[in-house]
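Let me begin by presenting the structure, written as structure tokens, before commenting on it.
All residue numbers in this chain count up from 1 along the given sequence. Hydrogens, waters and symmetry mates are skipped; everything else that's a heavy atom, side chains included, is used.
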Amino acid sequence: MDIKILDINNKEKEIIKLKIEKTLNEKSEQGIYLLNNYINTRNRSATSNTLTRSEVSGGGAKPYRQKGTGNARRGTNRSPLRRGGGVVFGPKPKTVGNKVNKKQISTAIKQILQKKQKDIAVIDDKKAFKSKDGLNFLNKLDKNITKENKKVLIITNNFDNENLEKAFRNIENCIVDDIKQITPVDYLSSDIILFTNESITELQKRIG
């Protein structure tokens, strides 16, 4: 997988190869599907709760006498058969979700990177520059970035490039974060992904 290394003027310096197994099927999105399913189910609250007859308050006194009324024998108002009583088989708080192991997460990240290969680059520039320079860089990278409000993710390693962080952190829809705090959701939800030299090396270790 080829990734361009660019300077702040959007000039290509060289191309590096990100080692991803050739056996990984680019058309298959099973890993991404499993990851999405895991995230969506994990984020469900599943906190719906109803009271059973043992949890409903009241019902200490017998509603009416045992005989002579013509009604069925009933010893409590907490019965599910009466209004205000308990609920039979109602929803209770529960844990929802499935498990995804590290290998599946790694596979999903590789498939996401392959899918977004055209929108991934490495910025190699340690010079001090301003937010204006960062915005010009993004506009040269993609002309529709501001029109379509595309989300840009800039990944550093231990915030190694302070100039980069300062230049991009004030730009709308642009997030600068450390690779150790990045989740697969961040890769998936970003339209453009930019790495520093150190962070792309760290990524290779993580998915290797």
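By the neighbour-count criterion of 12 heavy atoms within 6.0 Å, atom NZ of Lys115 is sparsely surrounded, having that number or fewer from other residues, nucleotides or ligands. Other residues, nucleotides and ligands contribute only 12 or fewer heavy atoms inside 6.0 Å of the NZ atom of Lys4. Heavy atoms of other residues, nucleotides or ligands lying less than 6.0 angstrom from OH of Tyr64 number more than 12. Residue Gln181 qualifies as enclosed at atom CD: its count of foreign heavy atoms under 6.0 Å is above 12.
Legend: residues meeting side-chain contact (heavy atoms from CB on, under 4.5 Å) with Lys94, ordered by chain and number and at least two apart, are Ala46, Val96.
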Check step by step if side-chain contact (heavy atoms from CB on, under 4.5 Å) holds for Thr196 and Ile200.
CA-CA 6 Å; Thr196 61; Ile200 198 70; over 6 Å; no
Does the side-chain contact (heavy atoms from CB on, under 4.5 Å) test come out yes or no for Asp142 and Leu138, once each step is laid out?
CA-CA 6 Å; Asp142 189 339; Leu138 294 177; over 6 Å; no
Test log, rule side-chain contact (heavy atoms from CB on, under 4.5 Å), inputs Asp119 and Ile193
CA-CA 6 Å; Asp119 300 314; Ile193 303 173; over 6 Å; no
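Lys150 NZ to Ile192 CD1: the interatomic distance, rounded to the nearest 0.5 Å, is 5.5 Å. To the nearest 0.5 angstrom, Asn197 atom CG is 10.5 Å from Ile123 atom CD1. Expressed to the nearest 0.5 Å, how far CG of Leu153 lies from CG of Asp191 amounts to 10.5 Å. Taking CD of Glu202 as the start and CZ of Phe195 as the end, the distance is 11.0 Å to the nearest 0.5 Å. A distance of 9.5 Å separates CD1 in Ile120 from CG in Leu194, rounded to the nearest 0.5 Å. Taking OG1 of Thr107 as the reference point, atom CD of Gln111 lies at 6.5 Å (rounded to 0.5 Å).
Nearest heavy-atom pair across Asn77 and Pro63 is OD1-CG, 3.3 Å. The two residues Ile154 and Cys174 come nearest to each other via the heavy atoms CD1-SG, 3.9 Å. Listed here is the closest heavy atom pair of Ile171 and Leu135: CD1-N, 3.6 Å. Taking all atoms of both residues into account, the shortest heavy-atom contact from Pro184 to Ile112 is O-CD1, 3.9 Å. Nearest heavy atoms, Leu6 versus Ala121: CD1-CB, 4.0 Å. Taking all atoms of both residues into account, the shortest heavy-atom contact from Ile179 to Leu203 is CD1-N, 3.7 Å.
Counting heavy atoms from C-beta on, the side chains of Asn36 and Leu188 come closer than 4.5 Å.
Checking side-chain atoms of Ser199 against main-chain N and O of Ile155 turns up a donor-acceptor pair under 3.5 Å. Looking at Ser131, its side chain never comes within 3.5 Å of a backbone N or O of Asn170 through a donor-acceptor pair. Side chain of Asn49 to backbone of Pro93: no donor-acceptor contact under 3.5 angstrom is found. Judged by distance alone, the side chain of Gln104 and the main-chain N or O of Asn101 form a donor-acceptor pair under 3.5 Å. Distance alone, capped at 3.5 Å, is enough to place a donor-acceptor pair between the Lys116 side chain and the Ser190 backbone.
Counting only residues at least two apart or in different chains, side-chain hydrogen bond (donor to acceptor under 3.5 Å, both in side chains) contacts with residues 132-141 are absent. Residue pairs that meet the salt bridge (charged side-chain N to carboxylate O under 4.0 Å, His left out) test with at least one member in residues 52-79, sequence neighbours left out, are Glu55-Lys92.
Looking only at atom types and distance, the side chain of Ser79 has no donor-acceptor partner in the side chain of Thr76 under 3.5 Å away.
One hydrophobic cluster holds both Ile3 and Ile5 under the rule that ILVMFWY side chains link at heavy-atom gaps under 4.5 Å. Val185 and Ile182 end up in the same hydrophobic cluster when Ile, Leu, Val, Met, Phe, Trp and Tyr side chains are linked at under 4.5 Å. Clustering ILVMFWY residues whenever any of their side-chain heavy atoms sit less than 4.5 angstrom apart, transitively, puts Leu34 in a cluster other than the one holding Ile105.
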